[in-house]
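Below is one structure, written out as structure tokens, with a few remarks after it.
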Amino acid sequence: MATFKEFRNNVKPNWCPGCGDFSVQAAIQRAAANVGLTPENLAVISGIGCSGRISGYINAYGFHGIHGRALPIAQGVKLANRDLTVIASGGDGDGFAIGMGHTVHAIRRNINMTYIVMDNQIYGLTKGQTSPRSAVGFKTKSTPEGSIESTLSPLEIALASGATFVAQSFSSDLKQLTSLIEQGLQHEGFSLINVFSPCVTFNKINTYDWFKENIVNLDSVEGYDPANRIQAMTKLMETNGMITGLIYQDKSRKSYEEQIVGFRSEPLAQQDFKISPEAFEGLLKEFK
Ligand SMILES: Cc1ncc(C[n+]2csc(CCOP(=O)(O)OP(=O)(O)O)c2C)c(N)n1
Ligand code: SF4
């Protein structure tokens, strides 16, 4: 059994002191150890952004992809080697702006993997522009008069797209965040975990204190049932998405891999692709 320390490497994160992404890194390392993984059977695939650096800071297989494209790469990794536990990760710009098309289709595809979004409601790496998660009126270098576009509600979109696991947490609540990642890793399908992860350098509005004042923890909501999709949607709408905890889980739907006809149990990565000269000639004949 690996401990969370075995998921550490010797690369020092260059996130700003106080950045919420440190907690996400720690929570992934703890959750991976708690569910019994070892670095050899975990792959962390990230996009581009401050948050996207996370794949380099965890001792596991890693791939620092391109902006908005963590999910296509991660899904490819999972299909090529179904024995690996796959985590995709990145920022709200990465997953909900340039990568939104991939996000929706990954959700409806339901491949068995976990997607963790570090939602700071701003573009951090490029030094503070408005993201689809920024509030109307939010002033940045790209919206000096305040954003005039409505704020995207990714978790409502996820539910409407057929998500089987939707959760949300906050960098300040390492215990809840770790537990939700554990549940996401154990879910047999696509799990989306959105994490309020403050950018202390460029976002002076959505600070740790602001989140603490505005978040409602679902643990305090009597009678909340994460198996009830309509209740989940209603709660998201009522609270403007400011809830944390396990919002929705459907354990009944099969994952994509389970439904592919002929998908062999042996991972593609370990299959012998050598073909006999006769079989090769047969293939060529088809094109003559
Ligand atoms: C194709 C492409 N378009 C734009 C960029 C520039 N770019 C890099 S990171 C980024 C957004 C960063 O914000 P987010 O994804 O929310 O991550 P954060 O830095 O806040 O963690 C952008 C627009 C890029 N690298 N590649
Ligand atoms: S700029 Fe913001 S998101 Fe990027 S490392 Fe610094 S605090 Fe974190």
Side-chain angles (χ1 to χ4, degrees), residues 9 11-29 44-58 62-74 87-107 114-136 138-144 147 149-155 157-158 168-174 177 181 192-212 241:
N9 61 21
V11 184
K12 195 173 171 296
N14 65 352
W15 290 317
C16 310
C19 176
D21 298 353
F22 282 102
S23 300
V24 179
Q25 177 200 9
I28 291 175
Q29 290 164 327
V44 182
I45 319 295
S46 61
I48 295 290
C50 296
S51 44
R53 298 198 191 111
I54 201 161
S55 56
Y57 302 154
I58 292 173
F63 196 110
H64 194 176
I66 51 173
H67 194 39
R69 305 290 182 262
L71 283 171
I73 299 164
I87 293 177
S89 59
D92 48 310
D94 200 68
F96 303 146
I98 188 169
M100 191 63 197
H102 294 301
T103 302
V104 166
H105 291 289
I107 286 169
T114 299
Y115 184 32
I116 301 170
V117 180
M118 284 155 267
D119 180 1
N120 53 20
Q121 316 202 337
I122 199 164
Y123 289 179
L125 186 74
T126 44
K127 298 189 185 291
Q129 296 83 15
T130 294
S131 97
R133 292 283 300 133
S134 305
V136 175
F138 190 69
K139 288 189 179 168
T140 64
K141 291 165 197 162
S142 60
T143 52
S147 173
E149 296 175 17
S150 65
T151 310
L152 195 92
S153 305
L155 304 189
I157 294 173
Q168 187 157 255
S169 193
F170 177 33
S171 287
S172 267
D173 192 345
L174 188 59
L177 179 55
I181 296 174
L192 170 66
I193 304 170
N194 192 58
V195 187
F196 297 129
S197 182
C199 170
V200 292
T201 302
F202 294 110
N203 191 336
K204 303 295 183 189
I205 305 288
N206 308 111
T207 60
Y208 285 95
D209 285 344
W210 184 89
F211 280 112
K212 275 179 199 152

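Note that ligands are numbered from 1 as they come in the structure, with each ligand's atoms numbered from 1 the same way.
Heavy atoms from other residues, nucleotides or ligands lying under 6.0 Å from NZ of Lys139 number 12 at most. Within 6.0 Å of NZ on Lys141 lie more than 12 heavy atoms contributed by other residues, nucleotides or ligands.
For ligand 1 and Cys50, the ligand atoms under 4.0 Å from any heavy atom of the residue are 18 (P), 19 (O), 21 (O). Taking every non-hydrogen atom of Gly49 and a distance limit under 4.0 Å, the qualifying atoms of ligand 1 come out as 9 (S), 17 (O), 19 (O). Numbered from 1 in the order shown, with element, the atoms of ligand 2 that lie under 4.0 Å from a heavy atom of Val200 read 7 (S). Close approach of ligand 1 to Ile48 is summarised as follows: ligand atoms under 4.0 Å from at least one heavy atom of the residue are 8 (C), 9 (S), 15 (O), 25 (N). The Asp92 neighbourhood of ligand 1 comprises atoms 16 (O), with distances under 4.0 Å to a heavy atom of that residue. Against a heavy-atom cut-off of under 4.0 Å, Ile122 is close to the following atoms of ligand 1: 16 (O), 20 (O).
A donor-acceptor pair under 3.5 Å is formed between the side chain of Thr140 and the backbone N or O of Thr130. In this structure, Ser134 contributes its side chain and Ser131 its backbone to a donor-acceptor pair below 3.5 Å. No donor-acceptor pair closer than 3.5 Å links the side chain of Asp94 to the backbone N or O of Gly49. Between the Arg133 side chain and the Leu152 main chain, a donor and an acceptor come within less than 3.5 Å of each other. Between the side chain of Ser89 and the main chain of Val44, no donor-acceptor pair closer than 3.5 Å is present. With hydrogens and angles disregarded, no donor-acceptor distance shorter than 3.5 Å links the side chain of Gln121 to the backbone of Asn206.
In terms of protein heavy-atom proximity, atom 15 (O) of ligand 1 is nearest to Asp94 N, 2.8 Å. Atom 1 (C) of ligand 1 has Ile98 CD1, 3.7 Å as its closest protein atom, hydrogens excluded (heavy atom only). The nearest heavy-atom contact from the protein to atom 16 (O) of ligand 1 is Gly93 N, 2.8 Å. Closest to atom 23 (C) of ligand 1 among all protein heavy atoms lies His67 NE2, 3.5 Å. In this structure, the protein non-hydrogen atom closest to atom 17 (O) of ligand 1 is Ser51 OG, 3.6 Å.
Side-chain contact annotation: Ser23 with Ser171, donor-acceptor N/O pair under 3.5 Å absent. No side-chain donor-acceptor contact under 3.5 Å links Asp21 and Ser51.
Ile181 contributes atom CD1, which lies 8.5 Å from atom CG of Leu174 (distance to the nearest 0.5 angstrom). Between Ile54 atom CD1 and Ile28 atom CD1 the span is 4.0 Å, to the nearest 0.5 Å.
Proximity annotation for atom 9 (S) of ligand 1: of Leu125, Asp119, Asn203, Leu125 comes nearest, heavy atoms only.
The side chain of Thr126, and not its backbone, has at least one atom closer than 4.0 Å to an atom of ligand 1 (non-hydrogen atoms only; side chain from C-beta on).
Ring planes of Tyr123 and His67: perpendicular class, angle over 60° (limits at 30 and 60°). Phe170 and Tyr208 have tilted rings, their planes meeting at an angle from 30° to 60° on a 0 to 90° scale.
Between Asp21 and ligand 1, a contact under 3.5 Å exists for no N or O pair. In terms of polar-atom proximity, Gly124 is counted as a contact of ligand 1, with an N or O under 3.5 Å from an N or O of the ligand. When only interatomic distances are considered, the shortest N/O to N/O separation between Gly52 and ligand 1 does not fall below 3.5 Å.
Not a single heavy atom of Ile66 lies less than 4.0 angstrom from ligand 1.
Sorted by chain and number, the protein atoms of type N, O or S within less than 2.8 Å of atom 4 (Fe) of ligand 2 are Cys50 SG.
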